[in-house]
Protein chains: 2
Amino acid sequence: MQFTKAEEYGMQGVLHLADKGKDVVTPLSEISEARDIPEKFLAKIFQSLSRSGILRSHRGVRGGFTLAKPPGEITVKDVLEAIQGPYHLTKCIPDPDSCPRSDSCAMRELLVTAEERLLEVFVKHTLEDVVHMERSMSAPSPEKPNP
Amino acid sequence: MQFTKAEEYGMQGVLHLADKGKDVVTPLSEISEARDIPEKFLAKIFQSLSRSGILRSHRGVRGGFTLAKPPGEITVKDVLEAIQGPYHLTKCIPDPDSCPRSDSCAMRELLVTAEERLLEVFVKHTLEDVVHMERSMSAPSPEKPNP
DNA sequence: TCTATATGCAATTCACCAAGGCCGAAGAAT
DNA sequence: ATTCTTCGGCCTTGGTGAATTGCATATAGA
Ligand code: SF4
Ligand code: SF4
């Protein structure tokens with residue numbers, strides 16, 4: 001697997017919204033410029049996210065996008081799956097019939113486990129978590145917490 | 001990410017060899033037919049595996065391939081990485097310079113963790129383990145272990 | 001020698017990612 | 001009502017890599 005640009009951009013865009021707060025309406029143009037993302041591409045990604053109920057769009061003057069729910073209630077997995085659909089290492093995992101060998105395939109068992117481990121990480125972190133991490137990483141003066 | 005056919009076929013081929021034992025020389029034609037893999041494609045994959053020191057090739061009449069090491073000393077990760085190189089969710093993980101934001105990117109931290117969890121599974125299982133699993137799954141009469 | 005087998009390189013086909021363009025729809029401000 | 005801004009949907013393009021196939025060569029056993 002490889003992360004696609006769509007996932008990359010989508011996460012960045014959503015994190016930008018999460019960072020500004022749940023109800024701040026932000027137009028594509030701002031996000032696109034701030035995070036260096038092709039605007040039309042981001043538009044397409046955000047459309048998927050709107051349809052999935054993660055974002056809410058607001059048309060017209062001073063329109064833009066907001067989160068549909070508080071950042072603490074949206075997991076990273078929610079965002080990623082809304083962008084490119086369910087993630088699977090092979091087709092035989094969601095659909096065992098796609099491979100005639102799947103009944104007695106030990107590799108498949110391994111892959112199921114591997115996939116679970118991977119997704120656990122994305123399920124256990126919400127946008128709020130990531131924003132907090134981001135803020136603490138770019139703290140202004142981390143070397144003087146207690147002068 | 002998505003498993004490629006090369007990985008899929010490569011694993012199947014290597015498992016076929018592991019199942020027959022370390023020193024049984026088996027030609028491509030047999031593996032190709034038994035596991036339903038395009039022969040020329042498997043040839044290319046096995047070349048990578050030979051160069052990586054996982055397989056040993058034997059040319060000429062009655063030639064073919066064998067494992068270079070006992071099945072218990074080859075991990076699933078060894079095979080997969082020999083086929084498509086190191087696996088990474090994003091370019092920024094092996095090479096932080098590839099993204100200007102990598103210094104203060106919280107997503108990257110998450111991805112590093114996720115990748116570790118995924119690879120752990122592949123490192124902890126050898127070909128021997130998988131072959132054992134395979135045999136126990138297709139046991140002839142599992143309902144009568146002790147008549 | 002003859003034949004079976006791997007090796008190496010080239011070429012092809014196909015799917016999908018990434019991006020951009022155009023026009024229409026919706027909604028706020030006036 | 002008009003106008004301007006912003007999202008929405010559709011279609012097109014270019015590029016990259018996966019998946020396969022073909023052919024000529026090298027090697028080694030019978
Ligand atoms: S051989 Fe096993 S791992 Fe591969 S597609 Fe079939 S069931 Fe899945
Ligand atoms: S933004 Fe973060 S996750 Fe994305 S490529 Fe850059 S460092 Fe990696």
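All of these numbers come straight from a predicted model, not from anything done at the bench. A note on names: the letters A, B, ... follow the listed sequences, proteins ahead of strands, and every chain is numbered from 1.
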Rounding to an integer number of Å, can you tell me how far [X] [atom1] sits from [N] [atom2]?
X	N	atom1	atom2	answer
Leu42(A)	dT6(D)	CG	P	15 Å
Phe41(A)	dG14(D)	CZ	C1'	14 Å
Leu17(A)	dC7(D)	CG	P	11 Å
Ile37(B)	dT21(D)	CD1	C1'	16 Å
Phe46(B)	dG8(C)	CZ	C1'	18 Å
Glu39(A)	dG21(C)	CD	C1'	13 Å
Ile45(B)	dA19(D)	CD1	P	9 Å
Ile83(A)	dC16(C)	CD1	P	19 Å

At under 4.0 Å, does any side-chain N or O of [X] touch on OP1 or OP2 of [N]?
X	N	value
Gln47(A)	dC7(D)	no
Ser57(A)	dG8(D)	yes
Tyr9(A)	dA18(C)	no
Ser29(A)	dT6(D)	no
Arg62(B)	dA6(C)	no

Closest listed nucleotide, where the reference is the side chain of [X] and the choices are [options]:
X	options	value
Thr4(A)	dA18(C), dA4(C), dA28(C)	dA18(C)
Pro27(A)	dA26(D), dT6(D), dT20(D)	dT6(D)
Lys40(A)	dC7(D), dC22(C), dT20(D)	dC22(C)

Between Arg59(A) and Ala6(A), which is nearer to the 5' end of DNA chain C once each is assigned its nearest nucleotide?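 Its nearest nucleotide being more 5', the pick is Ala6(A).
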Take His58(A) and Thr26(B), find for each the nucleotide of DNA chain C with the closest heavy atom, and name the residue whose nucleotide sits nearer the 5' end.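 Here Thr26(B) is the residue nearer the 5' end.
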NA contact type, [X], heavy-atom cut-off 4.0 Å: base, sugar-phosphate, or nothing?
X	answer
Phe65(B)	sugar-phosphate
Arg51(A)	sugar-phosphate
Lys5(B)	sugar-phosphate

Answer yes or no: is there a donor N or O on one side and an acceptor on the other, between the side chain of [X] and the main chain of [Y], under 3.5 Å?
X	Y	result
Ser32(A)	Ile37(A)	yes
Arg62(A)	Val25(A)	no
Arg51(A)	Ala82(A)	no

Evaluate Leu55(B) against Thr66(B) for side-chain contact (heavy atoms from CB on, under 4.5 Å), listing each step before the verdict. CA-CA 6 Å; Leu55(B) 298 184; Thr66(B) 60; over 6 Å; no
Answer yes or no: side-chain N or O of Lys44(B) and base N or O of dG8(C) forming a donor-acceptor pair under 3.5 Å.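 Side chain to base: no pair present.
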Hydrophobic cluster identity match, Tyr87(A) and Val79(A), side-chain contacts under 4.5 Å: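 Yes, Tyr87(A) and Val79(A) fall within the same hydrophobic cluster.
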Report the C-alpha separation of Thr90(B) and Ile93(B) in whole Å, then their side-chain angles, then the decisive distance to 0.1 Å, and conclude whether the side-chain contact (heavy atoms from CB on, under 4.5 Å) test is met. CA-CA 6 Å; Thr90(B) 64; Ile93(B) 291 181; 3.4 Å; yes
